[in-house]
Number of protein chains: 2
Amino acid sequence: MQQMTQRDLDPMDLRILDVLQQNGNASAAEIAEQVGLTATTAWRRISRLEEEGIIRQRVALLDREAVGLTVMVFATVRLSSQGRDAIEKFKQAVRKHPEILECYTMLGETDFLLRIVTRDIKAYEAFYLDYLSRFPGVQVVNSSIALAPIKETTALPLTKA
Amino acid sequence: MQQMTQRDLDPMDLRILDVLQQNGNASAAEIAEQVGLTATTAWRRISRLEEEGIIRQRVALLDREAVGLTVMVFATVRLSSQGRDAIEKFKQAVRKHPEILECYTMLGETDFLLRIVTRDIKAYEAFYLDYLSRFPGVQVVNSSIALAPIKETTALPLTKA
DNA sequence: GCGATCCTGAAAGAAGTGTTTCAGAACCGG
DNA sequence: CCGGTTCTGAAACACTTCTTTCAGGATCGC
């Protein structure tokens with residue numbers, strides 16, 4: 001997370017990143033072997049990618065159901081047409097609540113899209129009534145429950161197919 | 001990814017998982033120190049959480065913009081009312097395309113929600129025209145572009161606030 | 001209250017880790 | 001061509017890693 005200069009990643013960098021997207025714990029030596037580099041060179045490239053912030057973070061992904069979070073909701077939010085002030089307060093509220101995993105400003109008929117995760121439907125109801133619907137500036141909320149995931153990955157498409 | 005028996009995670013497990021959600025590279029010793037356990041015990045718990053599949057995967061998260069993927073779209077899809085056969089083919093098509101990161105069956109007015117990532121808007125247009133709109137059974141697609149992320153995390157809420 | 005089981009944690013070890021160093025190869029501008 | 005810079009990769013390093021072992025403590029059923 002250092003420089004914002006848009007560097008061009010060569011195909012080798014992309015292959016390294018692709019390995020790391022699948023296995024965040026892969027060691028330099030392991031990656032070197034998979035992409036066909038020497039261990040030192042691979043290591044140097046990896047640290048560079050880290051320094052530049054192209055590799056943002058390494059995380060463990062958990063099984064949502066296994067930790068008891070059975071409900072996942074996508075909610076669209078429309079704010080009432082007020083000053084920018086309300087928007088900033090809305091964002092702060094969003095960031096404060098851990099059950100909101102993601103929130104994006106949207107282009108189109110709705111202002112925001114949120115991905116929310118809770119223990120069960122009762123918990124979502126409570127979250128909706130007590131918090132979300134009362135967030136600063138909120139006018140309309142439209143909640144849709146996500147059922148079975150058909151696909152669910154964090155790996156970005158890096159191969160220029 | 002071994003047993004599906006819903007085990008009860010005690011507070012200590014949750015704290016371990018929380019550390020790993022933030023830093024997927026944390027070693028057993030490091031975690032032990034952070035949660036207040038002995039290294040051996042922490043290690044044993046971590047391997048158990050891995051065996052049980054509660055820790056699904058360790059990955060590196062990349063900076064989407066930095067790798068040149070500037071466009072992110074949420075698309076809702078409605079299938080034409082056909083047999084289950086079309087649905088299965090639709091799912092296969094979804095899984096085959098790396099620009100689709102996520103896809104969920106939805107409860108409500110739309111059948112599926114997809115998160116799609118592409119190099120630029122032209123690339124999305126191409127993907128939409130050449131593939132998505134032609135996926136088996138697709139009747140209506142509604143694409144909304146996501147702008148600035150207000151919040152973006154993979155960390156599930158584990159503390160029972 | 002006792003035996004058997006389970007859980008704990010210190011110690012030990014081999015294997016692997018990231019990182020630096022250094023000599024040589026490759027490359028480039030002029 | 002030739003001087004200087006950059007890139008490469010083997011070797012070495014100290015350190016950390018995961019993992020097993022083992023003895024002692026705790027726990028449980030009966």
Side-chain angles (χ1 to χ4, degrees), chain A residues 1-63 66-68 154-155 158 160, chain B residues 1-63 66-68 154-155 158 160:
Chain A
M1 218 178 297
Q2 182 155 269
Q3 61 190 41
M4 286 290 103
T5 353
Q6 188 79 340
R7 173 166 72 94
D8 276 320
L9 302 163
D10 68 16
M12 205 37 110
D13 283 322
L14 295 178
R15 288 174 71 186
I16 290 173
L17 291 172
D18 218 10
V19 172
L20 281 168
Q21 280 195 126
Q22 250 90 33
N23 176 11
N25 266 3
S27 70
E30 234 171 301
I31 293 165
E33 196 189 11
Q34 280 195 54
V35 304
L37 277 181
T38 203
T40 315
T41 310
W43 178 82
R44 277 196 269 246
R45 287 179 107 116
I46 295 161
S47 2
R48 181 150 178 232
L49 291 166
E50 262 162 0
E51 273 173 26
E52 291 173 325
I54 290 163
I55 297 169
R56 266 200 309 143
Q57 206 188 355
R58 313 221 190 182
V59 301
L61 301 179
L62 311 183
D63 183 323
V67 300
T154 56
L158 300 181
K160 36 203 58 172
Chain B
M1 218 177 299
Q2 182 156 265
Q3 60 189 40
M4 285 291 102
T5 351
Q6 187 79 340
R7 171 164 77 93
D8 277 320
L9 301 164
D10 68 17
M12 204 40 109
D13 284 322
L14 294 178
R15 289 175 68 187
I16 291 172
L17 291 173
D18 219 9
V19 173
L20 280 168
Q21 280 195 126
Q22 250 88 34
N23 176 9
N25 265 2
S27 70
E30 233 171 302
I31 293 165
E33 195 188 13
Q34 279 194 55
V35 304
L37 278 179
T38 204
T40 315
T41 311
W43 178 80
R44 277 196 269 247
R45 277 177 185 250
I46 296 161
S47 0
R48 184 154 175 228
L49 290 165
E50 262 162 359
E51 272 173 27
E52 290 172 328
I54 290 163
I55 297 169
R56 265 200 309 141
Q57 204 188 356
R58 311 215 191 188
V59 301
L61 301 179
L62 310 184
D63 183 322
V67 299
T154 56
L158 299 179
K160 38 202 55 170

Arg58(A) has an atom CZ; how far is it from atom P of dT17(C), in whole Å? 12 Å
Gap between atoms CD1 and P, on Ile46(A) and dT17(C) respectively (whole Å): 11 Å
For Asn23(B) and dT17(D), what is the distance between atoms CG and P respectively, to the nearest whole Å? 11 Å
Indicate yes or no for a side-chain donor-acceptor contact from Gln57(B) to the backbone of Ala60(A) under 3.5 Å, with no hydrogens or angles considered. no
Closest to the Trp43(B) side chain: dT17(C), dC18(D), dG9(C)? dC18(D)
Spacing of CG belonging to Leu20(B) relative to CG belonging to Leu62(A), to within rounding of 0.5 Å: 8.0 Å
Rounding to a whole Å, what distance do you find between Asp13(A):CG and dC7(D):C1'? 14 Å
Judged by atom type as modelled, is there a donor-acceptor pair below 3.5 Å linking the side chain of Arg58(A) to the main-chain atoms of Gly24(A)? yes
To the nearest Å, how far apart are Arg45(B) CZ and dG9(C) C1'? 14 Å
Please report the interatomic distance CZ(Arg56(A)) to CG(Leu49(A)), rounded to the nearest 0.5 Å. 14.5 Å
Whole angstrom is fine here: how far is it from CG in Leu49(B) over to C1' in dC18(D)? 16 Å
In whole angstroms, the gap separating P of dT8(C) from CE of Met12(B) amounts to 10 Å
Can you see if the side chain of Ser27(A) gets near the phosphate of dT17(C) - specifically, an N or O under 4.0 Å from OP1 or OP2? yes
Is any side-chain N or O of Arg44(A) under 3.5 Å from a base N or O of dG18(C), one able to act as donor and the other as acceptor? no
Out of curiosity, Arg15(B) CZ to Ile31(B) CD1, how far, rounded to the nearest 0.5 Å? 12.0 Å
In numerical order, the residues of residues 30-42 of chain A whose heavy atoms come under 4.0 Å of DNA chain D are Thr38(A), Thr40(A), Thr41(A)
Whole-Å distance between dC18(D) C1' and Glu51(B) CD? 14 Å
Nearest-0.5 Å distance that lies between atom CD1 in Ile46(B) and atom CG in Leu17(B): 9.5 Å
Closer than 3.5 angstrom, by distance alone: can the side chain of Ser27(B) be matched with the main-chain N or O of Glu30(B) as a donor-acceptor pair? yes
